[in-house]
> 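Okay, here's the structure, questions in a sec.
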Number of protein chains: 2
Amino acid sequence: MVQQVDDTRRAPLNRDRVLRAAVALADEAGIDTLSMRNLAQELGVVPMALYKHVANKEQLLDGMVDVIVGEIEPPAGDADWRTAIRQRILSARRVLLRHPWASRVIESRSQPTLVVLDYLNSIVGMFRAGGFSVDLTHHVMHALGSRVWGFTQELFPTSPLPADPELQAVMFREMAGRYPHIAEIAVAAHDEGSVVGRGCDDQFEFEFALDLLLDGFEKRHQQGWTSTNQS
Amino acid sequence: MVQQVDDTRRAPLNRDRVLRAAVALADEAGIDTLSMRNLAQELGVVPMALYKHVANKEQLLDGMVDVIVGEIEPPAGDADWRTAIRQRILSARRVLLRHPWASRVIESRSQPTLVVLDYLNSIVGMFRAGGFSVDLTHHVMHALGSRVWGFTQELFPTSPLPADPELQAVMFREMAGRYPHIAEIAVAAHDEGSVVGRGCDDQFEFEFALDLLLDGFEKRHQQGWTSTNQS
DNA sequence: ACCTGAACACCGTTCAAGT
DNA sequence: ACCTGAACACCGTTCAAGT
């Protein structure tokens with residue numbers, strides 16, 4: 001039995017097994033726990049054995065992003081540009097929600113991989129297929145920014161509230177005194193009448209901003225906007 | 001002379017001197033070079049001496065963000081909400097461009113400091129003063145995201161092009177073959193007729209996206225949008 | 001030729017010994 | 001009581017010694 005476990009672990013390593021183990025480790029233990037040393041231990045090999053399949057840690061992270069991109073659904077062929085892009089981005093978002101570390105890793109990449117370029121190229125192509133000019137498509141991709149991956153840079157990560165409800169109330173009263181405007185919109189986050197902000201509906205916020213952007217894209221497209229003829 | 005330098009360095013440390021030295025070190029040598037050990041050396045003290053003024057490295061980074069926020073211009077009192085907010089955000093952007101490490105550090109914070117809350121509170125207040133409902137202001141702040149700081153999460157940092165123009169041409173031809181849509185919009189980045197994308201006008205892209213968002217905010221405000229009455 | 005243990009050059013932070 | 005050197009528990013990666 002122990003022998004069998006050893007055999008499994010000693011199954012020949014390859015790049016794919018390394019990457020999948022890295023994704024699994026990051027999913028389970030968090031990205032901070034993902035070190036070359038920990039990953040090697042997880043795979044039952046010596047740390048240096050990893051360096052035969054990835055040149056260094058940066059390339060490991062690149063490969064992990066590629067695994068994630070592979071999980072994004074291909075575009076629905078029949079829909080108009082707006083719904084097709086919307087669906088694709090929301091699919092990317094579902095993938096990122098399954099892998100909470102992924103947005104941080106994506107942000108940290110300095111060079112896109114071929115797989116990433118494929119994904120971006122296909123999104124760009126969807127705007128072009130929808131009749132967008134090269135010029136407008138360019139600016140629209142910039143405006144989308146990290147939202148093509150399905151994530152927004154939040155102002156600050158939803159700070160976990162203290163468990164003690166009394167302490168919550170104290171914190172909230174302090175907030176309301178010093179930061180009345182923030183307190184106001186924190187309460188507006190939900191309409192169940194609770195006094196304390198319990199965090200927001202991230203999905204709603206994401207779609208609100210995405211649709212607002214798509215509205216603007218559509219309008220400029222219809223108006224024949226170009227970077228040189230704008231008012 | 002040497003004595004005098006030593007005296008300067010041994011001037012009593014305080015939190016402010018530590019933070020300013022950290023900002024200066026990050027500006028000059030990059031955020032990766034900013035370690036507690038390097039910072040201490042820069043200040044001519046032993047590493048552990050820093051821990052009397054900041055609890056740990058996280059708090060040092062928090063303090064550095066506070067320094068940056070202090071450089072953002074206060075709001076112009078007389079303008080309408082749209083121009084006032086626009087000006088403020090573009091001021092924040094100029095600050096961030098002076099401190100290239102700042103956006104990454106801001107993103108990495110897990111709890112906003114009091115100074116950061118002050119800044120955000122004042123932005124929220126600007127929407128409220130412009131007549132925005134609490135509800136709409138809430139969603140609008142989310143849609144703005146990191147743009148209230150004056151930065152966009154780029155899809156991938158402008159990868160420095162190889163110096164060799166011949167190598168550039170080869171790379172571009174490969175790109176055009178594999179990623180025709182990306183190649184197309186890369187060329188559109190500028191109209192000087194060069195074949196190779198030389199990076200984009202970041203300021204133009206930022207303002208394009210910001211104005212598109214502000215347009216959308218204005219429209220929804222005028223229409224009396226609420227999260228419950230939307231079509 | 002392949003594999004890998006030890007070592008290198010770093011981290012942030014703890015802790016106990018020295019003043 | 002204050003200050004600080006040494007040490008701890010980590011990193012990613014190099015390199016040379018062992019098979």
Side-chain angles (χ1 to χ4, degrees), chain A residues 6-26 28-66 101 104-111 113, chain B residues 6-26 28-66 101 104-111 113:
Chain A
D6 277 351
D7 281 1
T8 312
R9 293 201 149 172
R10 278 181 198 157
L13 264 195
N14 56 44
R15 195 181 148 88
D16 198 61
R17 267 195 73 212
V18 170
L19 296 183
R20 286 183 192 287
V23 168
L25 182 56
E28 286 154 27
I31 194 70
D32 292 334
T33 306
L34 180 80
S35 67
M36 298 300 273
R37 290 163 131 104
N38 283 342
L39 178 58
Q41 197 177 15
E42 202 73 13
L43 286 161
V45 299
V46 83
M48 286 312 297
L50 299 175
Y51 285 81
K52 198 167 301 154
H53 305 101
V54 288
N56 49 39
K57 192 176 180 182
E58 290 300 295
Q59 213 183 81
L60 175 76
L61 294 171
D62 279 341
M64 290 170 72
V65 171
D66 287 353
W101 48 270
R104 288 185 61 123
V105 173
I106 289 171
E107 286 175 294
S108 74
R109 300 303 77 212
S110 55
Q111 294 278 353
T113 63
Chain B
D6 277 353
D7 282 359
T8 312
R9 290 199 150 172
R10 280 182 197 157
L13 264 194
N14 56 46
R15 195 180 148 89
D16 198 62
R17 269 194 71 213
V18 170
L19 296 182
R20 288 184 189 287
V23 167
L25 182 56
E28 286 155 28
I31 194 69
D32 291 334
T33 306
L34 180 79
S35 67
M36 296 301 271
R37 289 161 130 106
N38 283 343
L39 178 58
Q41 197 177 13
E42 201 75 12
L43 285 161
V45 300
V46 83
M48 285 313 296
L50 299 176
Y51 284 82
K52 198 167 301 155
H53 304 101
V54 288
N56 48 40
K57 191 175 183 184
E58 290 300 294
Q59 214 183 79
L60 175 78
L61 294 171
D62 279 340
M64 292 170 71
V65 171
D66 287 352
W101 48 270
R104 288 185 61 126
V105 173
I106 288 170
E107 287 175 293
S108 73
R109 299 305 76 213
S110 54
Q111 293 279 351
T113 63

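Letters A, B, ... are given to chains in the order of the sequence lines, protein chains preceding strands, and every chain is numbered from 1.
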> Does D:dC11 have its OP1 or OP2 closer than 4.0 Å to a side-chain nitrogen or oxygen of A:Asn38?
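Yes.
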> Does B:Arg109 form a salt bridge (charged side-chain N to carboxylate O under 4.0 Å, His left out) with B:Glu58? I'd like the steps, not just the answer.
CA-CA 8 Å; B:Arg109 299 305 76 213; B:Glu58 290 300 294; 3.3 Å; yes
> Closer than 3.5 angstrom, by distance alone: can the side chain of B:His53 be matched with the main-chain N or O of B:Val18 as a donor-acceptor pair?
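Flag not set: sc B:His53 to bb B:Val18 has no pair under 3.5 Å.
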> With a sphere of 6.0 Å drawn around CG of B:Asn14, does it hold more than 12 non-hydrogen atoms of other residues, nucleotides or ligands?
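Enclosed.
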> To the closest 0.5 Å, what do you measure between OG (B:Ser110) and CG (B:Asp62)?
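Rounded to the nearest 0.5 Å, the OG-CG separation comes out at 7.0 Å.
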> I need the CD1-P distance between A:Ile31 and D:dG12, as an integer number of Å.
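The answer, rounded to whole Å, is 11 Å.
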> Can you check the B:Leu50 CG to C:dG12 C1' distance for me, whole Å?
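Interatomic distance, CG of B:Leu50 to C1' of C:dG12: 11 Å.
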> Take the protein atom CD of A:Gln41 and the nucleotide atom P of D:dC10, then report the distance between them rounded to whole Å.
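Rounding to the nearest Å, CD of A:Gln41 and P of D:dC10 are 11 Å apart.
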> Counting only Watson-Crick or G-U wobble pairs whose two distances fall under 3.5 Å, which nucleotide matches D:dC8?
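Its partner is C:dG12.
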> In this structure, how many angstroms lie between the P atom of C:dT4 and the CZ atom of A:Arg37, rounded?
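Atom CZ in A:Arg37 sits about 16 Å away from atom P in C:dT4.
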> Whole-Å distance between C:dG12 C1' and B:Leu34 CG?
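Roughly 12 Å, once rounded to whole Å.
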> Any chance you could list the contact pattern along nucleotides 14-19 of chain D? Use B for base contacts, S for sugar-phosphate-only contacts and - for none, protein heavy atoms under 4.0 Å, 5' to 3'.
BB----
> Nearest-Å distance, CD (B:Gln59) to C1' (C:dG12)?
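Interatomic distance, CD of B:Gln59 to C1' of C:dG12: 14 Å.
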> Using purine N1 to pyrimidine N3 plus N6-O4 or O6-N4 for Watson-Crick, or N1-O2 and O6-N3 for G-U wobble, each under 3.5 Å, what pairs with C:dC2?
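D:dG18 is the nucleotide pairing with C:dC2.
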> For residues A:Asp66 and A:Thr113, is any side-chain donor paired with an opposing acceptor at under 3.5 Å?
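There is such a pair (donor and acceptor under 3.5 Å, judged by atom type) between the side chains of A:Asp66 and A:Thr113.
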> Mind checking whether A:Leu43 and A:Arg17 have side chains closer than 4.5 Å, heavy atoms only?
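They are in side-chain contact.
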> To the nearest Å, how far apart are B:Leu13 CG and D:dC2 P?
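After rounding, the gap between these two atoms is 17 Å.
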> Whole-Å distance between D:dC11 C1' and A:Glu58 CD?
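One finds 14 Å between C1' of D:dC11 and CD of A:Glu58, rounded.
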> Taking D:dC8 as the reference, what is the distance to C:dG18 when you measure between their P atoms (whole Å, please)?
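Nearest-Å result for C:dG18 against D:dC8 at atom P: 16 Å.
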> Quick one: pull up CG in A:Leu25 and CD in A:Gln41 and give me the separation to the nearest 0.5 Å.
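CD of A:Gln41 is found 10.0 Å from CG of A:Leu25.
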> Counting only side-chain nitrogens and oxygens, does A:Lys57 get under 4.0 Å of the OP1 or OP2 atom of D:dT13?
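No, outside the criterion.
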